[in-house]
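Quick note: numbers below take in every heavy atom, side chains included, and nothing from hydrogens, waters or symmetry partners. Numbers for residues simply follow the sequence, beginning at 1. Because the structure is a prediction, the values reported are computed rather than measured.
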Amino acid sequence: MSINCAAVDRLIDSMSFTQKVGQLNQRLLGWKSVERNAAGRLVASDELKQEIDRWGGLGTLYGLLRADPWSGQHWGNGIRPEERTEAIAVVQQTVLERGAHGIGVLLSEEAPHGHQALGGTVLPTNLGLGATFDPQGVQEAEAAVAAELAASGIHIALVSGLDIARDPRWGRCEECFGEDPLMAARMCEAIVTGMQGEHRSKVGHGGVAVVLKHLAAQGEAVGGRNGQSAVLGPHDLHEIHLPPVAAGVRAGALGFMAAYNDIDSVPCCANPWLLKDYLRDQLGFDGIVMADGLAVDRLEDMAGSIPAAGRAALLAGVDVSLWDEGFTRLEEYADDEQVVAAVDTALRRVLELKAMFGLLPEDGADTAAIAMPSADAIAQATADGREQAKRMAREAITLINDGQSAATLDDIRSVIADAQAGPVIVAGPFADDFGCFLGDYTAPLPADEQSSVYRQLVARLGEDRVLLAAKPSDAPADQWARASTVVFVCGSTSERSYDSEFDDNGAAKAVTEYGATCGEGVDLSDIRLPWRQDEMLGEVAALTTAPIVSVAVCGRAHVLTDVLERSAVTIWAGYAGQYGPQAVADVLVDGADMSGRLPVTLPAYPAAIPVRYNDRQSAAHVYKDAAEPILRGFGYGAGSLAAVTFSEMHADTQSHPGEVLVQVTAHADDHGAAGAVNLFAHVSGGRRIPRLAMLVDSVYMDLNAGERRDIAFHVPCDRLRDVGDGQVQVTCTLDGDSTHTVTATLPGEY
């Protein structure tokens, strides 16, 4: 929908200062805006009415459909899929009836990996999506999520994507696409294009506005402690943490969320360089900046008071608050010319976004004519989302160890397929667990949609063939002796229970002994597998001679050294989403290929961290008690592409000005292959200590059996060196394989 600038001007001129401030607030928790009457129908709550009356309208409403333990909403009391239309209608009609200018309310929802609502699609978390190295697949999956949100009457999707996993102690690593800025940038572009369409074409037409979070460098927090200082220089800030931001702006993102952390002591929510000079002036961003939940109020110590905190955030470039009191106190600055001007600037951005969704009254109308959700459209979009979730779960599964003992994955598949072989024992703390696959920010799923690795194998092999032993003592010694295969499901979980304790922003506060071991608020000082799982696996190995397949369900780079040593085969599953158990069973029983690659470096020891593939100095042979601190490197995957051979690799620095063209020929074996082929570079001759390696391009391909295909990597020169004189030598390596390396020299100037 085109924006009528004159109409926006008239609205701004007609508003009181209080009404303007009200449009910038997102204070009310959406699930508290409706309640059920005696007949069980949804009606507007007094809290909603009071908020509208206070401001003469409502700017943005957060989480109307959100369901999870923090909100307390579940299948017994929350808004069910069939009630979304009713809930949206109640809220919008109440806002229009009680508001002063006939303006509808923007509805924002959490969608870090699918829609966090009852019945919403649950994709793999970003770390799982990162393992696919498939931006096109992510774009299609996010488009399906956006279609569901739009069909449900939602306007804004709050989507993780900007954070880079730099320290595995950080509980929010699961929200990162991995440790690499280029892949994170491509995934952010995929999110925006999928949800908003090319050039924002779907906004208001089957798509939603994306607010990318979190801006910026949150993954660099000292010690992996959530929300704490990011201590880094401007070069590393630009090279590691800001590429996803720039990619989001290029793709047309309509929003960014300012993070909790500070960068070199300046809080992101009060950083005018970050939110104005860089984001708007340098990148040309024209959307809204939203604060993270209660982040504005956390500026109180810096600013001196809550009202001053609100003023500091506004003047630094925040347009819309989230739950805080600071922005509600902007009324106290009605005589402050800076605040008055900044309020008008932010208000214009909010109203222009509302215009895109038809939330402003048309010329001559008293109120906006807001289209209501369609139950049929919601059902169709949700069904499409489920199919995308299944596909992405399969792509996320990553083979990180095969044939450690005499048995290979193919051998184990043959044994599992043999109905006359001994029992298959599914062991480990997550053997019959579903929630471990889902990640944080997930609504509860109905019982009939829940599964587990154990239940999936039972469904395919039968109850007589598959035994459950969450603990080694759960199966008798004779069954362990007879076992043909053991599937050990280990890892971590971000699942919260409805009796959990939370901080005021929804982060986990108190974690029980067997509660969440990952997610927001669950930073760890020890990244070994929790609950003594290594010891448990040792007990299992002592009970049986059967080959062990370990399935690591992880939201961070846990230490898996013991797992790899004791397992014939190890599969890394990230948090693969609601179809993660099916994807694992597809691999073990149906012989499905695994195209995934590790999006993070796996450390070999719990204290030899952080280790990243793109560090400047190697950690090898530094620690006298941990000579080889890396267990598996970034991009490692022993799955379907392992059988592809490459030849005729060469580099061209002449044909395409401003870039290096690297070409190689791929040959598939008799089975074909799918997955990403990655090109890494090491640069020497510049003005800084070079990184050990940089991912400079990645091509996702699907090869038929026996197919031969030429692959071209296009590497911009500005990704390889600083601007300046002097030749730079670039060594390009294919997926870390030293047998496929080519060296090129860039010209002295470009």
Side-chain angles (χ1 to χ4, degrees), residues 1-37 41-66 79 83-109 149-156 203-205 208-209 288 320-321 328 346-375 377-378:
M1 177 176 291
S2 61
I3 299 172
N4 186 330
C5 295
V8 170
D9 288 340
R10 287 194 294 272
L11 273 174
I12 293 174
D13 291 342
S14 68
M15 289 182 177
S16 68
F17 189 69
T18 294
Q19 291 167 350
K20 292 177 179 181
V21 170
Q23 289 292 315
L24 309 185
N25 271 275
Q26 188 178 200
R27 197 182 67 86
L28 183 61
L29 298 171
W31 57 88
K32 295 184 177 182
S33 65
V34 294
E35 58 191 16
R36 297 185 188 276
N37 62 16
R41 299 298 301 274
L42 294 173
V43 296
S45 67
D46 289 342
E47 192 168 348
L48 173 64
K49 296 174 184 176
Q50 291 166 6
E51 190 76 1
I52 298 168
D53 293 346
R54 176 181 179 180
W55 302 109
L58 203 60
T60 307
L61 181 66
Y62 168 91
L64 172 62
L65 304 179
R66 177 171 176 165
I79 297 172
E83 296 176 317
R84 292 181 189 177
T85 299
E86 182 181 0
I88 300 296
V90 165
V91 168
Q92 292 289 12
Q93 289 169 7
T94 305
V95 171
L96 293 178
E97 290 169 1
R98 302 180 79 96
H101 298 279
I103 303 172
V105 59
L106 285 166
L107 299 175
S108 70
E109 289 284 335
L149 288 162
S152 302
I154 303 304
H155 311 111
I156 298 174
V203 176
H205 306 282
V208 293
I288 63 168
V320 177
S321 68
T328 70
L347 175 61
R348 181 176 302 280
R349 293 173 185 144
V350 170
L351 293 181
E352 287 177 350
L353 184 57
K354 288 192 173 191
M356 293 182 183
F357 292 100
L359 297 176
L360 302 185
E362 294 290 325
D363 288 340
D366 293 330
T367 62
I370 302 173
M372 288 298 111
S374 160
I378 294 172

- prompt: Which pairs count as salt bridge (charged side-chain N to carboxylate O under 4.0 Å, His left out) when at least one residue sits in residues 22-33, sequence neighbours excluded?
  reply: Arg27-Glu51, Arg27-Glu325

statement: Nearest heavy-atom contact between Val105 and Leu359 is O-CD1, 3.6 Å

- prompt: Counting distance only, does the side-chain N/O of Lys354 pair as donor-acceptor with the main-chain N or O of Gly104 below 3.5 Å?
  reply: yes

message: Can you tell me how far apart CG (Leu11) and NZ (Lys20) are? Round to the nearest 0.5 Å.
response: 11.0 Å

message: Tell me every residue that passes side-chain hydrogen bond (donor to acceptor under 3.5 Å, both in side chains) with Glu109, counting only those two or more places apart in sequence or in another chain.
response: none

Residues forming a side-chain hydrogen bond (donor to acceptor under 3.5 Å, both in side chains) with Thr18, sequence neighbours excluded: Glu331

Rounded distance (nearest 0.5 Å) linking atom CD1 of Ile103 with atom CD of Gln23: 4.5 Å

- prompt: Distance from Asp9 atom CG to Leu351 atom CG, nearest 0.5 Å?
  reply: 10.0 Å

- line: Rounded to the nearest 0.5 Å, the CE atom of Met372 sits from the CD atom of Glu86 at a distance of 12.5 Å

- prompt: Side-chain contact, heavy-atom cut-off 4.5 Å: His101 with Ser14?
  reply: yes

statement: For Arg10, the salt bridge (Lys or Arg N to Asp or Glu O under 4.0 Å) test, sequence neighbours excluded, returns Asp363

Under the side chain to side chain contact (heavy atoms under 4.5 Å, CB included) test, residues paired with Ala151 that sit two or more places apart: Ala377, Ile378

message: So, using side-chain hydrogen bond (donor to acceptor under 3.5 Å, both in side chains) as the criterion, who are the partners of Arg36 when residues are at least two apart?
response: Glu83

Modelled atom types, side-chain donor and acceptor of Glu47 and Ser33, under 3.5 Å: no

Separation between CD1 of Ile154 and CG of Leu61, rounded to the nearest 0.5 Å: 8.5 Å

query: Between Tyr62 and Ser108, which heavy-atom pair has the shortest distance, and what is it?
result: CA-OG, 3.4 Å

message: Go through it in stages, so that I can follow the logic: the residues are Leu42 and Glu35, the test is side-chain contact (heavy atoms from CB on, under 4.5 Å), and I'd like the CA-CA distance, side-chain angles, deciding distance and then a yes or no.
response: CA-CA 5 Å; Leu42 294 173; Glu35 58 191 16; over 6 Å; no

- prompt: Residues in salt bridge (Lys or Arg N to Asp or Glu O under 4.0 Å) with Glu352, at least two apart?
  reply: none

- prompt: Taking C-beta and beyond as the side chain, do Ser152 and Arg84 meet within less than 4.5 Å on heavy atoms?
  reply: yes

- prompt: Among all residues two or more places apart in sequence or in another chain, which pass the side chain to side chain contact (heavy atoms under 4.5 Å, CB included) test with Asn37?
  reply: Ala39, Arg41, Val43

- line: Those residues at least two apart in sequence (or on a different chain) that pass side chain to side chain contact (heavy atoms under 4.5 Å, CB included) with Ala100 are Gln19

query: Do the non-hydrogen side-chain atoms of Leu353 and Ile156 ever get within less than 4.5 Å of each other?
result: yes

query: What pairs with Asp46 under side chain to side chain contact (heavy atoms under 4.5 Å, CB included), at least two apart in sequence or on another chain?
result: Lys49, Gln50

field: Pairwise distance CG(Leu28) to CD1(Ile52) - rounded to 0.5 angstrom
entry: 8.5 Å

- line: Heavy atoms of Trp55 and Val21 approach each other most closely as CZ3-CG1, 3.7 Å

query: salt bridge (Lys or Arg N to Asp or Glu O under 4.0 Å) with Arg98: which residues, sequence neighbours excluded?
result: Asp53

- prompt: Ala355 and Leu360: which non-hydrogen atoms are nearest, and at how many Å?
  reply: CB-CD1, 3.8 Å

task: With sequence neighbours excluded, give me every ring-ring contact (aromatic ring centres under 6.0 Å, His included) pair touching residues 8-32.
output: Trp31-Trp70

statement: For Gly358 and Ala368, the nearest pair of non-hydrogen atoms, with its separation, is O-CB, 3.7 Å

query: Val208 and His155: side-chain contact (heavy atoms from CB on, under 4.5 Å), yes or no, with the steps?
result: CA-CA 5 Å; Val208 293; His155 311 111; 5.9 Å; no

field: Non-hydrogen atoms of Thr94 and Ala44 that approach each other most closely
entry: OG1-CB, 3.5 Å

message: Is there a side-chain contact (heavy atoms from CB on, under 4.5 Å) between Leu106 and Leu58? Walk through the geometry before answering.
response: CA-CA 8 Å; Leu106 285 166; Leu58 203 60; over 6 Å; no

- request: Output, in order, the C-alpha distance, side-chain angles, deciding distance and verdict of side-chain contact (heavy atoms from CB on, under 4.5 Å) for Leu107 and Gln92.
  value: CA-CA 9 Å; Leu107 299 175; Gln92 292 289 12; 4.0 Å; yes

query: Between the main-chain N or O of Asn25 and the side-chain N or O of Ser321, is there a donor-acceptor pair closer than 3.5 Å?
result: no

